Student: 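After the structure tokens below, expect a handful of questions from me.
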Amino acid sequence: MHTEDWPSTAEEALAVQERLRDRVELADDCPELPPTVTGLDVAYDDNDGIAAAVVTLETAGLTVVEQRTHRAKAVFPYEPGLFAFRELPPLLAALDRLERTPDVLVCDGHGLAHPRRFGLACHVGVLTGLPAFGVGKTRLVGTHAAPASARGAAEPLVDGGEVVGAVVRTQDGVKPVYVSAGHRIDLAHACRLTLALTPRYRLPETTRQADRLSRTALR
DNA sequence: GCGACAG
DNA sequence: ATCTTGTCGC
């Protein structure tokens, strides 16, 4: 899929989303402990300028092994449920610049925890063919009980009668994050990785590194 | 009809 | 997403 035929209206985006949705793989392909984890994030300025950043970390020590960025102009407005069409172009461009193929992608948004079960993490996974999951800071859909206050506590996120993700407490007493599978990885695995990526802070180290890099790339 | 609504 | 000082807590 190229920039030329990228959807520019909500109707077109919905059609593309529906087409891609059929290619999502729910089976878990992701290794038990992938050698590396790659975080994705995008920063914005006041003039439709956007900068995407991807950072690959060694899973064991969470040290950076490779990082890439891509600057561009926003080509799609923010719209809940169609968020992927805004961040996907620069993210895919940045991912293309990586020399080492990622083992698993960690997105700043949702995967299956989406009104049509196909959020950013699903798009990224399907379009790259790589395992991917999402870690959101706030809820998009679903209801859930409050997880216990200790790090590691989690509660299922339910929408339309099905479990679409998990609400996970990554640090004692902090606001929980929303974890959901995207492609070729299951929820349990995504939750386990999320905890491995949050030894000290609320958000995954992958997201923190990508966030910081995208901001500097914007200036 | 009235909210809710990833980043 | 982004705009921002002080302030509560360990």
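Chain letters run A, B, ... following the sequence lines, proteins first, then strands; residues in each count from 1. None of these values were measured; they are calculated from a predicted model. In what follows, every heavy atom counts, from backbone to side chain, and hydrogens, waters and symmetry copies are set aside.
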Student: Grab the CG-C1' distance between Asp41(A) and dT2(C) for me, whole Å please.
Tutor: 13 Å
Student: What is the distance, rounded to the nearest whole Å, between atom CZ of Arg71(A) and atom P of dA1(C)?
Tutor: 18 Å
Student: Tell me what Asp46(A) touches on the nucleic acid: a base, only sugar-phosphate, or nothing, going by heavy atoms under 4.0 Å.
Tutor: nothing
Student: Please state whether the phosphate of dT2(C), meaning OP1 or OP2, lies under 4.0 angstrom from any side-chain nitrogen or oxygen of Arg215(A).
Tutor: yes
Student: Which listed nucleotide (dG7(B), dA6(B), dT2(C)) is nearest to the side chain of Ala43(A)?
Tutor: dT2(C)
Student: If the threshold is 4.0 Å, N to carboxylate O, is there a salt bridge linking Glu205(A) and Arg200(A)?
Tutor: no
Student: Looking across every strand, which nucleic acid part, if any, lies under 4.0 Å from Leu91(A) by heavy atom: base, sugar-phosphate, or nothing?
Tutor: nothing
Student: Apply ring pair (Phe, Tyr, Trp, His ring centres under 6.0 Å) to the pair Phe85(A) and His123(A), showing each step before the final yes or no.
Tutor: CA-CA 9 Å; Phe85(A) 293 90; His123(A) 291 76; 5.3 Å; yes
Student: Do the side-chain N or O atoms of Tyr78(A) get closer than 4.0 angstrom to the phosphate oxygens (OP1, OP2) of dA6(B)?
Tutor: yes
Student: Does dG7(B) have OP1 or OP2 under 4.0 Å away from a side-chain N or O of Arg86(A)?
Tutor: no
Student: Can you tell me the distance, in whole Å, between the CG atom of Leu218(A) and the P atom of dA1(C)?
Tutor: 13 Å
Student: Hey, do the aromatic rings of His144(A) and Tyr178(A) have their centres closer than 6.0 Å?
Tutor: yes
Student: With a cut-off of less than 4.0 Å, is there a side-chain N or O of Lys137(A) near OP1 or OP2 of dA6(B)?
Tutor: no
Student: Of the listed nucleotides (dG7(B), dA1(C), dA6(B)), which one gets closest to any side-chain atom of Asp108(A)?
Tutor: dG7(B)
Student: Could you verify whether a donor N or O on one side chain and an acceptor N or O on the other, from Glu87(A) and Tyr78(A), lie under 3.5 Å apart?
Tutor: no
Student: So Gly81(A), base contact, sugar-phosphate only, or nothing? Heavy-atom distance under 4.0 Å.
Tutor: base
Student: Does one side chain, of Asp103(A) or Thr36(A), offer a donor that lies under 3.5 Å from an acceptor on the other?
Tutor: yes
Student: Tell me: OH of Tyr44(A) to P of dC3(C), nearest whole Å?
Tutor: 14 Å
Student: What is the separation between atom CG on Leu88(A) and atom P on dG7(B), rounded to the nearest whole Å?
Tutor: 16 Å
Student: For the pair made of CZ in Phe85(A) and P in dG7(B), what is the distance, rounded to whole Å?
Tutor: 18 Å
Student: Measure from CG on Leu40(A) to C1' on dA1(C) and round the result to the nearest Å.
Tutor: 16 Å
Student: Less than 4.0 angstrom between a side-chain N/O of Thr138(A) and OP1 or OP2 of dG7(B), yes or no?
Tutor: yes
Student: dA4(B) P sits how many Å from Glu79(A) CD, rounded?
Tutor: 19 Å
Student: Select base, sugar-phosphate, or nothing to describe what Gly119(A) touches, counting heavy atoms under 4.0 Å on all strands.
Tutor: base
